[in-house]
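One structure is given here, and the rest of the page talks about it.
So that the names make sense, note that chain A is the first sequence line, chain B the second, and so on, each numbered from 1.
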2 protein chains.
Amino acid sequence: MSSATKALELLTHFSLAQPEIGLSQLCRMVKRDKATTYRHLQALETVGFVEQNPMTRHYRLGPALLQLAQTREATVPRKAGAQLPLTDLANATGETAHVAVLSGTTLYTLLSCESPTYSTRAIIDVPSLPLHATATGLCALAFGPDTLFDAATRALERFTDTTPITPEALARAVACVRDTGFGHSQGCFEAEIVSFSAPIFDYTGQFAGAVAVACVGSRFTPDLELAIKTHLISTSRVISHNWGGTLPAHIEGLWSGLPSYSEVLDTTP
Amino acid sequence: MSSATKALELLTHFSLAQPEIGLSQLCRMVKRDKATTYRHLQALETVGFVEQNPMTRHYRLGPALLQLAQTREATVPRKAGAQLPLTDLANATGETAHVAVLSGTTLYTLLSCESPTYSTRAIIDVPSLPLHATATGLCALAFGPDTLFDAATRALERFTDTTPITPEALARAVACVRDTGFGHSQGCFEAEIVSFSAPIFDYTGQFAGAVAVACVGSRFTPDLELAIKTHLISTSRVISHNWGGTLPAHIEGLWSGLPSYSEVLDTTP
DNA sequence: AACAATGGTTCGTTATGTGAACCACACTTA
DNA sequence: TAAGTGTGGTTCACATAACGAACCATTGTT
């Protein structure tokens, strides 16, 4: 692992839940030496990726990120085209919806949107999603580039006791996604969370990401599943369109077996 | 310079004008070896800071930046509190307005807003601003931490023939800013650009950044100067307020000598 | 006053980054 | 066809810069 990678890895530990982190605390999080972590933070600070709270001396994300994110979004608009369809999806299903984009062999969380319908909600607060243990990841394996499967099998971490941790189990799960057109994960990443996902295609005609709904297990019913899948289809179509792409005919074909939208309308809260 | 810093420095070369850059081109830009640059790009790619356009194999900024920028803005809201006052400022003056934030000893461009009034406009497209050659930078030197002056004198790059390149000339410019309460640069960074700036203070009570108006030199008149300064004052107050701070009394005092707003209202287009 | 945190620094060892030279490929040009 | 020029990507001997145990200075607690 390069030194630059190690330094940048530090950034992933800053989150809404923990926006400011002290040196010692960060060392414990990344299990690295204090001197090393300090030098990394210095490097990040010189380029404006982190800054120090002058009061507490704790570190937080820096202003240079805003610039770069702005340029990225202007270059490859993703957020803008996903925001509205996603909130619609969350509201329609009453559950948490999120969109992830594939870059290389990693799925990065782009947006997450919770529905205010219930007070217990699924929270998506990880910067990237494991390929083998999430509905989104399985979707990527099923419809993304073939190289993903190798990458996935190289990191078959067990999160719960239903996480597929053998290449064979993973291949079965992926085959199922290819058959149905939906990614599906039942407590494989976090127990008590059931989620479904649909692929998104961009202007290159390739798999670009996936949209998913994560619902708390205790609320899950066959009716809800049908509602989620129906809404996922239209959301996937809209976002793909906004990203300059369309869904391949074979995927539309897989989905055509579902009951029509009107039949499930009354199952939504 | 650490290896991590060198890798991260690559990111600053991506801009709206040049959102995708090939390996060879980037090597020329940073004057570094191809192998080195390639490894740096690899590192950046593994953490999602850049990605490759699969068609052209050129590199562009990656999706991980969006996540981080979102967290940064949620942690320390700056953009949200500056956006509206800034567009108001641009519209009121008919020129380009921008806001920069100080992090360590660097001023990062946060937002830039052009007015549609004229078809020739000043464009602010650099990620960070030199301390010694911009109105914003002089403002930081005048009202920011004392350590800035040393940092500035260590990088007295000459941009035009009016750029102050001796510590003495710089000290005189800063003294002038301390006397008037406004940063001022007349073609010191880019010829033909005249700009004025006012400091912004945040909840810590410290200098947090500056707001500035950059106008094309051929349009500059004493009337416009007065209009710009008047609008800068109110914009600086509003943004400081939105960032949880207020302007120190001694700066308000410096500004109180200006004619009132109503007297200059009719000079705005 | 002893203790346990914190952020930050030093220095000898060694892992890691470096760049000249290289390859494979694509597109012009003669 | 063959040489020329550009690209992205790879190799390997070498030297630089990253590493981490041990250290210091502060702060707040017991």
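Residue B:Glu45 contributes atom CD, which lies 13 Å from atom P of D:dG8 at whole-angstrom precision. The CD-C1' distance, from A:Glu20 to C:dT6, rounds to 16 Å in whole Å. One can place CG of B:Leu41 at 15 Å from P of D:dT7, the figure rounded to the nearest angstrom. As a whole-Å value, the separation of A:Met1 CE from D:dC19 C1' is 15 Å. The nearest whole Å value for the distance from the CG atom in A:Asp33 to the P atom in C:dT13 is 18 Å. Going from atom CD of A:Gln42 over to atom P of C:dT10 covers 12 Å, rounded to whole Å. Rounding to whole angstrom units, CZ of residue B:Arg32 and P of C:dG17 are separated by 14 Å. In this structure, A:His40 atom NE2 and D:dA18 atom P are separated by 8 Å, rounded to whole Å.
Look at A:Tyr59 and you won't find any side-chain N or O under 4.0 angstrom from OP1 or OP2 of C:dT6. Side-chain nitrogen and oxygen atoms of B:Arg57 include none within less than 4.0 Å of the OP1 or OP2 phosphate oxygen of D:dG6. OP1 or OP2 of D:dT10 lies within a sub-4.0 Å distance of a side-chain N or O belonging to B:Tyr38. A close approach under 4.0 Å does not occur between any side-chain nitrogen or oxygen of A:Ser3 and OP1 or OP2 of D:dA18.
Taking the six-membered ring for Trp, B:Phe189 and B:Phe159 have ring centres closer than 6.0 Å.
Counting any heavy atom pair closer than 4.0 Å across all strands shown, A:Arg39 reaches a base atom. Within the 4.0 angstrom heavy-atom criterion, only backbone atoms of the sugar-phosphate kind lie near B:Gln52; the bases stay farther away.
Picking from D:dA18, D:dG9, D:dT7 the nucleotide with the shortest atom distance to the side chain of B:Ser24 gives D:dT7. Of the candidates D:dA18, D:dG8, D:dT10, D:dG8 carries the atom nearest the B:His58 side chain, counting heavy atoms from C-beta on. Taking every side-chain heavy atom of B:Ala35 into account, D:dT10 is the closest of D:dT10, C:dT9, D:dA18. Comparing D:dG8, D:dT10, C:dT18 against the side chain of B:Leu23 picks out D:dG8 as the nearest.
For the 3.5 Å distance criterion, the side chains of A:Thr5 and A:Ser2 qualify, holding a donor opposite an acceptor.
Applying the 3.5 Å distance criterion, the base of D:dG8 shares a donor-acceptor pair with the side chain of B:Lys34.
Checking each of B:Gln18, B:Gln52, B:Glu20 against B:Arg60 for a side-chain hydrogen bond (donor to acceptor under 3.5 Å, both in side chains) leaves exactly one that passes, namely B:Glu20.
Salt bridge absent: A:Glu45 and A:Arg39 never bring a charged side-chain N and a carboxylate O closer than 4.0 Å. For the pair B:Glu73 and B:Lys79, the salt-bridge criterion is not met [side-chain N within less than 4.0 Å of a carboxylate O].
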